[in-house]
Amino acid sequence: MEWTVVGVIVALVGLFVTVGAPIIRLNGNIARSNVILDRLEKELAAQKMDAKESHRRLWKHNDEQDERIGDHETRITILENGTVK
């Protein structure tokens with residue numbers, strides 16, 4: 001009877017080691033994944049802000065070029081027509 005109790009205790013310890021160790025590793029992997037995802041969220045937010053600023057600068061430069069091109073077209077038209085204001 002006593003050896004049966006010892007056998008059951010050994011079996012339970014073996015079961016805990018067999019099931020517990022992978023669960024502990026899984027918990028660590030989940031925690032590490034959460035940290036990585038948090039970092040990726042922050043990097044993505046920063047990248048979105050940088051892209052927004054970059055697009056703003058590009059459109060501003062594009063608008064400036066449009067104004068200059070319009071001015072040049074006016075000058076060319078005046079030169080081609082030979083009229084000076």
Side-chain angles (χ1 to χ4, degrees):
M1 183 72 166
E2 294 151 356
W3 287 108
T4 306
V5 173
V6 171
V8 169
I9 291 174
V10 168
L12 288 175
V13 169
L15 178 66
F16 176 75
V17 170
T18 303
V19 174
I23 290 176
I24 291 170
R25 283 195 304 265
L26 178 64
N27 191 25
N29 287 335
I30 290 171
R32 192 170 28 256
S33 295
N34 285 339
V35 169
I36 290 170
L37 283 175
D38 288 342
R39 190 183 73 214
L40 285 175
E41 281 180 339
K42 290 176 184 176
E43 289 177 5
L44 182 61
Q47 185 179 10
K48 282 183 179 181
M49 291 301 293
D50 291 343
K52 187 176 182 179
E53 176 61 22
S54 178
H55 289 146
R56 186 195 62 75
R57 285 185 286 123
L58 284 171
W59 281 108
K60 181 181 176 189
H61 183 69
N62 188 38
D63 291 341
E64 290 171 359
Q65 286 182 337
D66 286 347
E67 289 176 14
R68 292 182 73 189
I69 289 172
D71 186 40
H72 286 296
E73 287 179 9
T74 303
R75 289 180 184 180
I76 290 171
T77 303
I78 290 171
L79 289 174
E80 286 176 348
N81 292 336
T83 58
V84 178
K85 291 185 178 180

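Counting begins at 1 with the first residue of the sequence. Worth knowing before you read on, the calculation uses all heavy atoms, side chains too, and leaves out hydrogens, waters and symmetry mates.
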>> Between R39 and E43, does any NZ, NE, NH1 or NH2 come within less than 4.0 Å of an OD or OE carboxylate oxygen?
In response: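 Looking at E43 and R39, the cut-off is met.
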
>> Salt bridge check, R75 against D71: does any charged N sit closer than 4.0 Å to a carboxylate O?
In response: yes

>> Which residue in the set K52, R56, R57 passes side-chain contact (heavy atoms from CB on, under 4.5 Å) when paired with S54?
In response: R57

> Do I78 and T74 have side-chain heavy atoms sitting under 4.5 Å apart?
Replying inline: yes

> Heavy atoms, side chains only, cut-off 4.5 Å: are E64 and R68 in contact?
Replying inline: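 The answer is no, as the side chains (C-beta and beyond) never meet within the 4.5 Å cut-off.
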
Separation of [Y] [atom2] from [X] [atom1] (nearest 0.5 Å):
X   : Y   : atom1 : atom2 : answer
I9  : T4  : CD1   : OG1   : 11.0 Å
L37 : R32 : CG    : CZ    : 12.5 Å
T77 : E80 : OG1   : CD    : 6.0 Å
E67 : N62 : CD    : CG    : 10.5 Å
Q65 : K60 : CD    : NZ    : 13.0 Å

>> Test side-chain contact (heavy atoms from CB on, under 4.5 Å) on L40 and L44; report intermediate values, then the result.
In response: CA-CA 6 Å; L40 285 175; L44 182 61; over 6 Å; no

>> Heavy-atom count check: over 12 atoms from other residues, nucleotides or ligands less than 6.0 Å from Q47 CD?
In response: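 No, because the 6.0 Å sphere around CD of Q47 holds 12 heavy atoms or fewer from other groups.
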
>> Hydrophobic cluster membership, with links at side-chain heavy-atom distances under 4.5 Å among I/L/V/M/F/W/Y: are W3 and V10 in one?
In response: yes

